[in-house]
Amino acid sequence: MAAVALIMGNMIGSGVFLLPASLAPFGWNSVIAWALTIAGALVLAAVLARLTREVPQSGGATSFVGTAFGKLAEFLIAWGYLISIPLGSAVLAISAVSYASRLAPVFGAGAAAPMISALVLIAIITLVNFRGVRAAGGVQIVTLLIKLVPLVLVVILAARALTTGEAQIAPFEPAAISGSKVAGAAALTLFAVLGFECASIAAARVENPTVNVPRATMIGTALAGLLYLLVSSAITLLLPPATVAASPAPFATFVATFWDAGPAQFVALFAVVSCIGALNGWLMVGGEMTRDMAARGELPAWLAATDARGTPRRAILATALATALFLLLNASRSMQGIFDYLLLLSTSTALWFYLGFAFAAIKLGVARMLAAIGAIYSLWTLWGAGIEASGLSVVLMVLGLPLWWWARRTRARGTQGIEGGLASL
C-alpha cells in the first residue's frame with residue numbers, strides 16, 4: 001500500500017491540476033498525447049518491473065544501467081534523474097502557490113509573494129521529511145486520499161454535463177491533428193506521469209522489493225494514468241480553450257462552470273494539498289537517492305550520513321536547497337512561465353533515465369521488445385520537448401562529472417590511507 005501510495009502520490013501532483021492550461025491550445029492533439037504518454041509509461045513501467053524481478057542483484061533502478069554499461073554511464077543517468085527531482089519539486093511548489101492564490105490572493109500578489117510562499121513551503125516539507133520515512137510516508141497516504149477527491153469530482157461532473165446536454169465535446173477535426181503538436185503536448189503530459197519509477201528508486205525502503213516493487217509500479221501507473229486521461233480530457237474538451245488557458249486553476253474553473261463557485265474553492269484547496277503531497281514524496285525520493293549515490297561513492301561521502309532513525313537529513317537538505325535554487329534562478333518569470341519551463345526541463349532530464357534502463361534491458365536480454373518500444377517512445381518525447389530543454393538536460397548531466405571524479409578520488413585516497421595504516425601495523 002505504501003509503495004502504491006508513493007507512486008500515485010508522486011504522479012498525481014501539480015501536472016494534472018495545472019497542465020490543462022498549458023495543453024488548452026493543443027485541443028484534440030493533447031488527448032492523443034495523453035493516450036500515447038500513458039501507453040509509453042505503462043510500457044516503461046513493465047520493463048522496469050521485469051528488470052526488478054530478473055536483475056535483483058543490481059540493487060536499484062539506476063543500477064541496471066551500471067550492470068549493462070558500466071559505472072560512468074550509471075552515474076550520468078542517475079545524476080540526470082537526481083537533477084530532475086529538484087526541478088520537478090520547484091514546479092510542485094510554484095503550483096501549490098498558484099492554486100493557493102485562488103483561495104487567498106495574497107499568495108500571488110506582486111512579484112515577490114509567490115516566490116517567498118514557495119520557498120516557505122519547501123522549508124516546511126523539508127522539516128516533515130526530517131522526521132523520517134514513516135512520517136513522510138504517512139503524509140503521502142493521507143494526501144493521496146485527499147487529492148483523489150477533485151479528480152473523481154471532475155469525472156462525475158463531466159459525465160453529468162454530457163448526459164444532460166449541458167456541455168458538448170469539442171468537435172474532432174482531423175486537419176488540426178499534427179505530429180509535431182502531438183509530440184509537443186506529449187512532452188508536457190509526460191511530466192504528469194513522472195514518478196512511476198519511485199518505488200524502484202527507493203527499493204531499499206520497500207519490504208520484499210522483488211515482489212512489491214513490480215506490483216506497485218504497474219498498479220500505481222495504471223490507476224493514475226486512467227484518472228489523468230479522463231480528467232484532463234474532460235477539462236480540455238468541455239471548456240473553451242481560451243478560458244482554460246487563462247485560468248490559474250483549471251480544475252476550479254471547471255467545477256465553477258459545471259457546478260458552483262463555492263465548491264470550486266474547495267477544489268483549489270484539494271489541489272494545494274495534492275501539490276504538497278507530491279512535493280513531500282519527491283523530497284523523500286531525492287533524499288534517498290542522494291544518500292544511496294553517496295554511499296556508493298558517486299557523490300561526496302558526507303551526504304550518505306543518516307540520523308539515529310536512518311533519515312538522510314543532509315541528503316534531504318541538499319535536495320531542498322537545489323529546489324530553492326532552481327526557483328530563484330527563474331524568479332523573473334511568471335508563475336505559469338516557471339511551470340512550463342521547469343516542467344520541460346525536468347521531463348527531459350528524467351527521460352534520459354528512462355532511455356537508459358530501456359537500453360539496459362535490451363542489452364541484458366530482459367523484455368527486449370517492450371524495452372525497444374520504450375526506448376523509441378523516450379527518444380520521441382525528447383524530440384517533442386525541443387532542442388533547448390533536451391540540450392540543457394544534457395549539459396546538466398555533464399555538470400555532475402566533477403562531483404563524481406571528486407567523490408571517487410576522495411574515496412580512493414581514503415582506501416589507500418586505510419591500507420597504508422594496516423600495512424604499518
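We're numbering straight along the sequence, starting at 1.
- Nearest heavy atoms, F69 versus G356: CE1-O, 4.3 Å.
- Here the side chain of S390 pairs a donor or acceptor atom with the backbone of L382 at under 3.5 angstrom.
- Here L392 contributes atom CG and L345 contributes atom CG; the two are 5.0 Å apart, rounded to the nearest 0.5 Å.
- One N or O on the side chain of S30 and one on the backbone of G27 form a donor-acceptor pair closer than 3.5 Å.
- For A186, the side-chain contact (heavy atoms from CB on, under 4.5 Å) test picks out A33, T37, T189, W380, with sequence neighbours left out.
- A distance of 9.0 Å separates OG1 of T290 from CD of E288, quoted to the nearest 0.5 Å.
- Residues L82 and F353 have side chains not in contact (no heavy-atom distance under 4.5 Å, counting atoms from C-beta outward).
- Of all the heavy atoms in M397 and W79, the pair that sits closest is O-CD1, 3.3 Å.
- Partners of P25 under the side-chain contact (heavy atoms from CB on, under 4.5 Å) rule, at least two apart in sequence or in another chain, do not exist in this structure.
- For L325, the side-chain contact (heavy atoms from CB on, under 4.5 Å) partners are L329, not counting sequence neighbours.
- The side-chain contact (heavy atoms from CB on, under 4.5 Å) check on I32 picks up L36, I177, V182, with sequence neighbours excluded.
- Here the side chain of D307 pairs no donor or acceptor atom with the backbone of R313 at under 3.5 angstrom.
- With hydrogens and angles ignored, the 3.5 Å screen pairs a side-chain donor or acceptor of S346 with a backbone N or O of S84.
- Put simply, the side chain of W259 reaches to within 4.5 Å of the side chain of L153, judged on heavy atoms.
- Side-chain contact between T62 and R296 is present, with at least one heavy-atom pair separated by less than 4.5 Å.
- No donor-acceptor pair under 3.5 Å is formed between the side chain of R314 and the backbone N or O of L303.
- From F357, atom CZ reaches atom OG of S378 across 7.0 Å, with rounding to the nearest 0.5 Å.
- F172 is not listed as a side-chain neighbour of V31, based on a closest heavy-atom distance of 4.5 Å or more.
- Side-chain atoms of W282 and L92, non-hydrogen and from C-beta on, do get closer than 4.5 Å to each other.
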Residues 238-246, side-chain donor-acceptor partners within the protein, below 3.5 Å, at least two apart:
none

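- The shortest side-chain heavy-atom distance between F75 and L299 falls under the 4.5 Å cut-off.
- Side-chain contact check for M115 versus L328: some heavy-atom pair is nearer than 4.5 Å.
- In terms of the side chain to side chain donor-acceptor pair (under 3.5 Å) criterion, residue partners of S393 (sequence neighbours excluded) are, by chain and number, W352.
- Although no hydrogens or angles enter the test, the distance criterion places a donor-acceptor pair under 3.5 Å between the side chain of T323 and the main chain of T319.
- No side-chain heavy atom of L76 sits under 4.5 Å from any side-chain heavy atom of W404.
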